[in-house]
Amino acid sequence: MSIQQENIFQQIISHAKEYGFVFPSSEIYDGLSAVYDYGPYGVELKKNIRDYWWKSMTQMHENIVGIDAAIFMHPTTWKASGHVDNFSDPMIDNKDSKKRYRVDHLIEAKAEELNNAGKNEEANHLLNKMEELLAAENFTELKALIDEYKISCSISGTSNWTDIRQFNLMFKTEFGAVASDNPDDNIVYLRPETAQGIFVNFLNVQKTARMKIPFGIAQTGKAFRNEIVARQFIFRMREFEQMEMQFFVRPGTEGEWYKFWKEERLKWHLSLGISPEKYRYHDHVKLAHYAKEACDIEFNFPIGFKEVEGIHSRSDFDLTQHQLYSKKKQQYFDNDIDPTTGKPYGNYVPYVVETSIGLDRMFLLVLSNAFEEEVITKEDGTTDSRTVLHIPTKIAPVKLAILPLLKKDGLPEIAKQLLDECKPYFKCFYEEKDAIGKRYRRQDAIGTPFCVTIDHQTKEDNTVTIRYRDSMKQERIALSSIKQLILNEL
RNA sequence: GCGGAAGUAGCUCAUUUGGUAGAGCACAACCUUGCCAAGGUUGGGGUGGCCGGUUCGAGCCCGGUCUUCCGCUCCA
């Protein structure tokens with residue numbers, strides 16, 4: 001990251017705090033690491049992004065419906081999904097090289113080494129022992145195993161290890177109402193992804209909304225991950241919000257749907273008027289435990305190209321797993337005629353193509369893309385600067401600022417009439433304090449696309465000055481046309 | 001989690017080797033001006049991140065701790 005880009009990122013973080021977009025959580029108590037709160041303008045922007053996504057999914061596609069599943073889910077959900085196994089990795093650090101290893105990777109590497117040296121029996125013994133100890137979560141013995149086999153760090157060459165620590169990426173909490181002899185049964189997790197809430201409701205939704213494959217289920221909501229290191233502002237948080245859509249398809253058609261959604265999702269981003277040059281795809285080579293094909297949509301943040309959205313072809317992994325663990329069939333009967341047999345396709349477990357976007361990351365994307373420290377050359381040749389957020393009108397926190405030029409001579413009264421006319425339709429801001437130029441700049445800083453000024457001429461001919469955020473141009477238009485002008489932009 | 005840096009008013013920062021804190025901007029009120037930020041007067045706001053130690057006395061020295069940033073690591 002260049003120093004200049006770093007500064008821009010810092011400026012965005014400061015700006016976000018100063019103008020009421022994002023605050024560190026519990027700041028008066030020194031904050032809570034990697035947790036943030038959204039302020040008055042932040043919550044508007046975030047809500048607008050969520051609504052824009054929601055509408056594009058559930059309103060613009062007849063075959064997509066929404067749900068809102070609970071954050072708590074039956075603990076078996078996470079065994080079925082693979083999260084219990086894949087989300088907790090015992091780690092160990094070498095004190096000399098400061099390098100951290102996953103314990104299983106470290107031991108497997110040693111076993112491979114032994115195999116190459118022809119000591120297959122010893123290698124197998126090591127691996128078996130490791131599996132046993134990992135399953136029992138016996139980290140003391142596991143550490144002893146590392147010492148016994150004199151496993152060393154490939155960088156420092158030493159065996160000066162820290163204790164083994166468990167990094168469980170799922171937050172656990174107790175679910176008091178469940179009575180059981182086994183205390184493990186009382187554990188519930190805060191969901192690490194929203195997707196499982198969709199999978200376990202697959203048949204409920206399909207039947208009640210009478211959906212025919214191919215169809216999708218959309219959901220937005222909070223998810224929680226206990227990241228080892230969570231940093232970079234709201235890019236990686238421990239509590240975050242996802243916007244996901246799981247699209248259920250007939251097996252064999254997942255490839256074309258994967259391609260469809262990959263393109264469709266990029267179009268959504270571009271529909272906000274963001275430059276295509278700031279986006280790129282990143283196809284995954286190393287796939288997750290559930291994935292068949294996967295890619296990220298990456299955006300050029302001030303901290304470099306980073307993932308904002310993932311499109312995954314998840315095969316029938318999730319539904320099959322839930323079928324296995326719940327012992328409830330997760331099948332769909334497809335009445336469509338298969339042209340090769342002349343008969344219906346019949347029963348099958350659908351394949352899934354997922355689109356999953358981080359709402360907080362999208363928020364940061366919008367802010368990063370919008371932020372500009374603009375140098376203005378004035379008429380007399382001197383320069384001035386303004387901080388402006390070029391937020392797309394559709395999702396801007398405030399659409400219209402209504403500003404009487406003076407707070408007397410009846411101008412506030414006219415302005416308030418306009419406010420009353422517009423506020424049922426979109427978010428407005430009213431202010432009569434300070435010089436007009438100063439008020440314009442304050443609106444620039446929160447990304448308000450339109451300002452309207454009521455002056456003495458308004459009283460004579462019912463016209464007002466409308467001032468555009470991006471160009472700073474001003475026009476004289478009829479007072480009565482304001483509301484419709486803005487509605488046309490939404 | 002490891003290493004490095006930082007933390008003084010809402011923001012940006014001062015306070016020459018330890019002697020109980022200042023400015024600009026911002027904020028509030030009033031006056032003035034009236035179409036692109038910074039006119040005047042007055043005012044509010046700080047146990048110097050937090051805890052402890054050294055000292056007659058600590059924002060400054062020492063230890064711990066928290067948070068943030070950078071690098072490494074992690075990111076299913």
Side-chain angles (χ1 to χ4, degrees), chain A residues 1 3 6-7 9-11 13-15 17-20 23-36 78 81-89 91-102 105 155 162-163 165 167-170 192-193 195 225-233 235-238 284 286-291 294 296 303 306-307 310 312 358 374 376 378-379 384-388 403-409 411 432-445 451-457 464-469 471-476:
Chain A
M1 192 189 331
I3 297 205
E6 217 170 273
N7 287 344
F9 198 53
Q10 287 311 317
Q11 282 174 36
I13 294 169
S14 302
H15 191 85
K17 189 187 163 215
E18 180 137 21
Y19 287 91
F23 309 125
S25 162
S26 347
E27 198 188 7
I28 61 168
Y29 293 108
D30 284 333
L32 187 61
S33 184
V35 185
Y36 289 90
W78 307 111
S81 70
H83 284 85
V84 172
D85 289 336
N86 288 300
F87 246 53
S88 55
D89 301 317
M91 312 285 283
I92 193 165
D93 291 3
N94 184 276
K95 289 179 186 168
D96 298 315
S97 66
K98 310 292 182 198
K99 184 136 174 69
R100 169 174 297 162
Y101 296 89
R102 267 176 65 169
H105 288 176
I155 293 170
T162 61
D163 285 341
R165 278 163 304 205
F167 287 87
N168 197 328
L169 296 184
M170 280 200 289
E193 63 174 27
R225 295 181 194 180
N226 209 352
E227 302 282 355
I228 298 167
V229 171
R231 260 190 293 195
Q232 291 174 315
F233 194 42
F235 188 80
R236 175 163 293 124
M237 295 195 287
R238 294 207 160 92
H284 288 204
K286 197 179 143 204
L287 295 171
H289 63 272
Y290 53 74
D296 295 335
I303 48 175
K306 299 272 184 187
E307 174 188 358
H312 302 134
E374 191 183 5
I376 303 157
K378 291 198 266 195
E379 284 175 13
D384 189 12
S385 73
R386 67 163 182 161
T387 304
V388 53
L403 316 167
L405 189 61
L406 302 177
K407 52 183 161 186
K408 59 184 178 188
D409 302 338
L411 301 185
E432 46 188 51
K433 248 185 71 65
D434 291 322
I436 193 70
K438 202 175 209 172
R439 282 182 269 170
Y440 285 155
R441 297 301 175 87
R442 274 204 283 261
Q443 294 307 309
D444 288 342
C451 293
V452 158
T453 300
I454 284 85
D455 58 18
H456 290 99
Q457 197 185 327
V464 294
T465 305
I466 185 162
R467 181 263 193 188
Y468 302 99
R469 175 193 66 198
S471 63
M472 296 174 75
K473 291 255 158 52
Q474 305 191 94
E475 276 186 280
R476 193 101 208 153

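Proteins come first, then strands; the chains are lettered A, B, ... in the order of their sequence lines, and each starts at number 1.
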Considering Watson-Crick and G-U wobble pairs with both distances under 3.5 Å, what does [N] pair with?
{"N": "A14(B)", "value": "none"}
{"N": "U47(B)", "value": "none"}
{"N": "C35(B)", "value": "none"}
{"N": "A28(B)", "value": "U42(B)"}
{"N": "U54(B)", "value": "none"}
{"N": "C2(B)", "value": "G71(B)"}

Just N and O in the side chain of [X]: are any of them under 4.0 Å from OP1 or OP2 of [N]?
{"X": "K438(A)", "N": "A26(B)", "value": "yes"}
{"X": "K17(A)", "N": "G10(B)", "value": "no"}
{"X": "R238(A)", "N": "C74(B)", "value": "no"}

So if I take every side-chain heavy atom of [X] and compare against [options], which nucleotide ends up nearest?
{"X": "M472(A)", "options": "A37(B), C36(B), C35(B)", "answer": "C36(B)"}
{"X": "E18(A)", "options": "C69(B), C27(B), C11(B)", "answer": "C11(B)"}
{"X": "Q10(A)", "options": "C35(B), C69(B), A37(B)", "answer": "C69(B)"}
{"X": "Q474(A)", "options": "C36(B), A38(B), A37(B)", "answer": "C36(B)"}
{"X": "R442(A)", "options": "C35(B), C27(B), C36(B)", "answer": "C27(B)"}
{"X": "T465(A)", "options": "C69(B), G34(B), C35(B)", "answer": "C35(B)"}

> Does a side-chain N-to-carboxylate-O contact under 4.0 Å join D434(A) and R441(A)?
Replying inline: no
>> Does F233(A) reach a base, just sugar-phosphate, or nothing at all? Heavy atoms under 4.0 Å.
In response: sugar-phosphate
>> Counting the atoms with a prime plus P, OP1 and OP2 as sugar-phosphate, which does K433(A) contact under 4.0 Å by heavy atoms, base, sugar-phosphate, or nothing?
In response: sugar-phosphate
> Is a donor-acceptor pair below 3.5 Å formed from side chain D444(A) to base C36(B), judging by atom type as modelled?
Replying inline: no
> With distance as the sole criterion, do the side chain of R439(A) and the base of C36(B) form a donor-acceptor contact below 3.5 Å?
Replying inline: no
> Considering only the C1' atoms, how many Å lie between G24(B) and U65(B), rounded to the nearest integer?
Replying inline: 34 Å
> Quantified in whole Å, what is the C1' atom distance between nucleotide G19(B) and nucleotide A58(B)?
Replying inline: 10 Å
> Would you call E193(A) and R225(A) a side-chain contact if the rule is heavy atoms closer than 4.5 Å?
Replying inline: yes
